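Structure record follows, encoded as structure tokens.
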Amino acid sequence: MSSAAEYYRNRDWKQTIRIYSEITQLDCDEWNVIYAPPEEIYQYYSIAYEQLGKFDSAEIVLLDGLQKIPQNIQLRKRLAYAYKRQGKIDKETIEYERLMDLAPEDITLLNDLAKIYKEQDRFVDQILVLEKILNIDQNNEIAQSELAIAYESSGRDPLDIYQKRYDDNTDNISYGLDYADRLIKANRGNDAIVVLDRVISKDSSGKLAYRKLAEASILIDDLENAAKSYELLFKIDPRDGKVAILISNLYIDLQEFGKGLRWADKAISLISNNGDGYGQKGKVYYIGWDTFRQNPFSTDDRIVAKLAYDYFIQAESEGYQGYNKRNWLKENAKDVLYGKAQWFMADDKVKRSRGLRPSSPVYNWVTDVLKPEVSW
């Protein structure tokens with residue numbers, strides 16, 4: 001035993017194996033548990049084989065040892081590892097199941113078994129093991145997270161798990177966001193808003209919370225509060241042109257086209273690498289025109305349609321690929337757009353001003369002046 005220990009310390013694996021082989025052949029493992037403890041013999045004997053990459057030989061040694069001390073946890077752990085390294089997944093799983101019976105409250109073992117079940121897509125078995133862990137340690141955050149994922153993977157509703165995880169840790173912002181996200185996916189927008197308000201009360205600088213709050217508000221058709229949520233988000237990051245476009249879209253839906261234009265202008269000032277801001281402004285003008293246009297089209301209708309058309313042209317020139325009514329407006333230009341014929345018929349006062357602005361109250365939100373083209 002002394003020689004074996006010396007070879008083991010010096011990492012001389014071949015000599016370690018030779019000595020432990022002699023020890024077992026001479027039945028020293030059955031002689032005296034103090035001077036020659038069988039657990040130590042078979043554990044170090046198998047490790048020497050592992051160090052040489054001979055996991056099949058390690059398996060044989062461990063099986064021999066477990067015949068003599070079948071309840072030994074350390075040897076079963078090493079046997080499971082030997083199976084793993086040989087790709088014997090089924091046998092590895094069986095060993096961990098035996099280990100669970102031997103040490104039912106060993107959370108490390110239970111976590112390992114749950115991971116094995118997950119890797120094999122055995123989600124029902126994984127759930128049972130994770131629930132055992134939570135019965136032992138109900139605040140185990142890793143098990144709570146894995147249980148929620150396992151529920152989802154198995155096709156079961158994990159919402160209750162997300163709720164419990166958050167209720168048990170209400171100071172955890174991430175758990176609150178996860179729970180709110182699940183509530184949104186379950187079409188429970190009002191409940192999500194309650195959770196998100198709590199989250200924001202604890203951390204008012206988190207951008208994701210305001211995004212989720214806007215999503216939840218949209219879900220319950222509360223577009224005004226959705227816009228306010230995005231505006232609060234914009235205050236945190238006033239350089240985000242994409243948020244400005246989201247706000248503009250909400251004001252379009254609310255038919256508050258003046259606010260929609262102001263946020264489109266913000267987007268133009270912030271987004272320089274594409275035409276999204278110009279495209280958004282064209283969208284506001286087009287949808288505003290489509291909302292208020294008369295039949296037949298008035299001069300004011302034609303002015304607003306031309307403003308929309310011009311902004312779509314500008315957006316396209318800068319690579320814009322979003323909402324675009326340029327082609328339709330061009331195809332119907334004679335009937336829809338303000339053009340040379342309308343300018344020819346304009347009175348002298350309008351021509352002297354060199355600019356056109358709609359005068360109808362329904363278009364009092366229009367901020368741009370339409371300049372006559374050179375060809376007119």
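In this text the structure is predicted, and so the values were computed from the model without any measurement.
- Aromatic ring centroids of Trp289 and Tyr363 lie 6.0 Å or more apart.
- Annotation: side chain of Glu30 is not in contact with side chain of Pro38 (no heavy-atom distance under 4.5 Å).
- Side-chain atoms of Asp301 and Gln294 form no donor-acceptor pair, as typed in the model, at a separation below 3.5 Å.
- Taking the ring centre of Tyr42 as origin, the terminal cationic atom of Lys68 falls outside the region bounded by 6.0 Å and 45° from the ring axis.
- Contact of the Arg165 side chain with the Glu141 side chain is not registered, since no non-hydrogen atoms from C-beta on lie closer than 4.5 Å.
- Using a 30° and 60° split on the angle between ring planes, Phe292 and Trp365 fall in the tilted class, from 30° to 60°.
- In this structure, Ser21 contributes its side chain and Ile17 its backbone to no donor-acceptor pair below 3.5 Å.
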List the atom pairs, with distances to 0.1 Å, where a side-chain N or O of residues 239-247 and a protein N or O form a donor-acceptor pair under 3.5 Å, not counting sequence neighbours.
| from | atom 1 | to | atom 2 | distance (Å) |
| --- | --- | --- | --- | --- |
| Asp240 | OD1 | Lys242 | N | 3.1 |
| Asp240 | OD1 | Val243 | N | 3.4 |

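- In this structure, Arg156 is positioned above the aromatic face of Tyr151, its NZ or CZ under 6.0 Å from the six-membered ring centre and within 45° of the axis.
- Side-chain contact between Lys283 and Tyr311 is absent, with no heavy-atom pair separated by less than 4.5 Å.
- Each of Asn72, Thr108, Leu99 was checked for a side-chain contact (heavy atoms from CB on, under 4.5 Å) with Lys77, and the lone residue meeting it is Leu99.
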Would you be so kind as to tabulate the donor-acceptor pairs closer than 3.5 Å made by side chains of residues 207-215, with sequence neighbours excluded?
| from | atom 1 | to | atom 2 | distance (Å) |
| --- | --- | --- | --- | --- |
| Tyr210 | OH | Ser204 | O | 3.1 |
| Lys212 | NZ | Asp181 | OD1 | 2.7 |

task = Before giving the answer on ring-ring contact (aromatic ring centres under 6.0 Å, His included), spell out for Trp376 and Tyr338 the whole-Å C-alpha distance, their side-chain angles and the decisive distance to 0.1 Å.
result = CA-CA 11 Å; Trp376 293 357; Tyr338 192 99; 5.8 Å; yes

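- Taking the six-membered ring where the residue is Trp, Trp328 and Tyr286 present perpendicular rings, their angle passing 60° and hence far from 30°.
- For Tyr49 and Tyr45, the ring centers are positioned less than 6.0 Å apart.
- At least one side-chain heavy atom of Phe257 sits less than 4.5 Å from a side-chain heavy atom of Ile252.
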